Amino acid sequence: MSAGGIGRGTDYAILFVGLVVLAGPFVWMLLSSFKPNAEVRRTPPTWWPERFTVDNYSEIFTRLHFPSALFNSVVVALAVTLGTLVICSIFGYALAKLDFPGKRVLFLLVMGTLMVPGMATFIPQFVLVSNLGFVDTYAGLILPGFFGPYAGPFGVFLMRQFILGLPDELIDAARVDGAGEVRIFVRIILPLCGPALATLGILTFLGSWNNFLWPLVVATSEEMYTLPVALALYSVGQNATQYGLLLAGAVITVLPILAVFIVLQRRFVQGIAMTGIK
Amino acid sequence: MTADLAGGRRRSEAAAPAGRAGRRRVWAPRSARSRQALVAWGFALPFMLLFAVFMALPVTASFVMSFTDIRSTDALTPWAVNLVGIKNYVRLLGDPIVRQAALNTGYFVVVCVPLTMACGLAAAVALDKGVTRLRTVLRVGYYLPVVSSIVAISVVWRFLLEPNYGIVNTALARLHIDGPSWLNDPATAMPSLIVMAAWRNLGFLMVIFLAGLQTIPAELGEAAQIDGAGPWRRFRHVTLPMLRPTLLFAAVITGIGYLQFFEEPFVMTRGGPLDSTLSVTYVIYNQFGKGNYDYASAISYVLFAVIAAFTVLQFRLLRPRGLP
């Protein structure tokens, strides 16, 4: 290919420009979170911190209930993720491999809600949570979270599609050996579901961690804020120019997800492609 | 062996007249099947219970609420409200704020969906053509905006677009261009959010397109090359048609997401200046905040109908050729 060399050069050029545009702001965010506020606001802007300081980080933890927000975000995201993995994998298995009356109807019903906009369920969900007395509680943050981004119906679909691809012979052989249905699921199906569980787990954790609107409305006291809510409410009004502090808060909000992503990025991308193509 | 079989047969023959063995034989598999059904329902139960309470009930309730006069003060007595027919729907048709928000949302969707798709496709094609080095760095870098909280992103972007010492205007000043006050000017606020949304979502589409590109057989491109087609024509007449199903999927999910455009204006502009970035979802949120649950529900159902219509339309326009 004579044009190959030139083409490849252009490819790298496009990708490199894209990389600077997409990742550049994050690099700047990380570097600037170690600058004093005055340096962040200076023109022309500096790239490396002239005076390196961790004051922003120590200060953000003494203000705005940041430790409790961090704790709440972790608790809610873990609970939503674990719960989603359990209920979606057992339901997905039933839909994929077991025979029961009403199976088709249930599947269509659940899939039908995938297209419903979040805003259409938002208000009655809030009325419901108010009536259950769950406003400003972990239950109020977690239970509707099962139907938040990348959870609920999406999880059922993902698990069902994956388990459908597992060979029936495994299950039949176990039945012949006299294994019960629960035992078959726990001992045979679940160990094979690793890739699907990992993908769903990452996506659900990500969706819950970054979820903003629902916690904003349900968490009414500062003690129940999650990280995005705490950061968003702190960044308006008189604090809007506390750039150093806000950037430190932003780094803390992004860092856990980034860590999870870098470790599992291959699987993560596979998961997106897996759900995207089907 | 033979004796055994005979013995077995004799035994069953002996029992047959009473009909017990026959019944038992039918009954046994049915028991296994009904036990399976029971277990299956047990497996479905936790999800379906939560689904009924937190999804099916709200979707239905929201529809009913849109025909009532429910307000936030009725939240604890949701049964004690009056039916008002289609009053809320009539009201939204004549509401200038809703019309403004619908126009803004349309503007956002029509510009931002193609922009995001074009950027994502360019990145995917560049990455697909055998870029082997730095793949991991590129993947993490391109995916950073997708996995990051919109609130964290807004902190950085508000600073980038800051009129006096922000990085964008500082760079423009070097080129002797006087950059506008991006988020405070009604003419530039929406374009700023469009670029930001495309920036945030193109990594996701890149991954989808990359998976689609890898399903296209290399022989097709090679054959076209032998026939004398240049890179652009190969892309235009081989890659794009083969990518049609993936493009359809990407357009649909991006469109559904963008029609619900809310977070960007909420964290960046609060819908301003002069309502220039107010979206339909933002109006629903504002009406919810004012306690008008009836009106908010009606607007969200109209939005739902538009999303459904949009999805059907795109399936018709972009449906792969040869499929019904």
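Atom set for the values below is all heavy atoms of this structure, side chains included, hydrogens, waters and symmetry mates excluded. Since the structure is predicted, the reported quantities are computational estimates derived from the model, not experimental observations. Sequence lines set the chain letters: A, B, ... in the order given, protein chains first and strands last, and positions in each chain run from 1.
With respect to chain B, the highest number of heavy-atom pairs below 4.5 Å among A/Phe126, A/Phe185, A/Trp28, A/Tyr93 belongs to A/Trp28. With respect to chain A, the highest number of heavy-atom pairs below 4.5 Å among B/Arg174, B/Met65, B/Met55, B/Arg200 belongs to B/Met55. Contact count versus chain B (heavy atoms, under 4.5 Å) is highest, among A/Asn211, A/Val260, A/Leu206, A/Val129, for A/Leu206.
With a 4.5 angstrom heavy-atom cutoff, A/Thr253 touches chain B only via side-chain atoms. When heavy atoms are compared at a cutoff of 4.5 Å, B/Ile153 approaches chain A solely by way of its side chain, counted from C-beta outward. A/Val20 does not touch chain B: none of its heavy atoms, backbone or side chain, sits under 4.5 Å away. With a 4.5 Å cut-off on non-hydrogen atoms, A/Leu109 touches chain B through its backbone and its side chain both. There is no contact between B/Val64 and chain A, counting heavy-atom distances below 4.5 Å. For a residue to count as touching a neighbouring chain, one of its non-hydrogen atoms must lie under 4.5 Å from one of that chain's; by this rule A/Val21 touches chain B with backbone and side chain alike. Residue B/Phe63: no heavy atom, backbone or side chain, is found under 4.5 Å from chain A. At a 4.5 Å heavy-atom cutoff, B/Leu38 makes no contact with chain A through either its backbone or its side chain. A/Leu19 touches chain B through backbone and side chain together, each having a heavy atom under 4.5 Å away. Looking at A/Trp209, there are no atoms closer than 4.5 Å to chain B (heavy atoms on both sides), in backbone or side chain. Residue A/Leu216 touches chain B through its side chain alone, counting heavy-atom pairs closer than 4.5 Å.
Between the side chain of A/Asn210 and the main chain of B/Val147, a donor-acceptor pair closer than 3.5 Å is present. Under a 3.5 Å cut-off, the side chain of A/Gln125 and the backbone N or O of B/Pro58 do not form any donor-acceptor pair.
Between B/Tyr285 and A/Phe122, the ring-plane angle classifies as tilted under the 30° and 60° cut-offs.
Taking CZ of B/Phe54 as the start and CG of A/Leu143 as the end, the distance is 4.5 Å to the nearest 0.5 Å. The structure places OG of B/Ser149 at 9.0 Å from CD1 of A/Ile257, a figure rounded to the nearest 0.5 Å.
With sequence neighbours left out, the ring pair (Phe, Tyr, Trp, His ring centres under 6.0 Å) criterion links B/Trp199 to A/Phe26, B/Trp157.
Between A/Ala94 and B/Phe43, the shortest heavy-atom distance links the atoms CB-CB, 3.9 Å. The two residues A/Val110 and B/Phe51 have their closest heavy-atom pair at CA-CZ, 3.8 Å. B/Tyr142 approaches A/Leu15 most closely through the heavy-atom pair OH-O, 2.9 Å.
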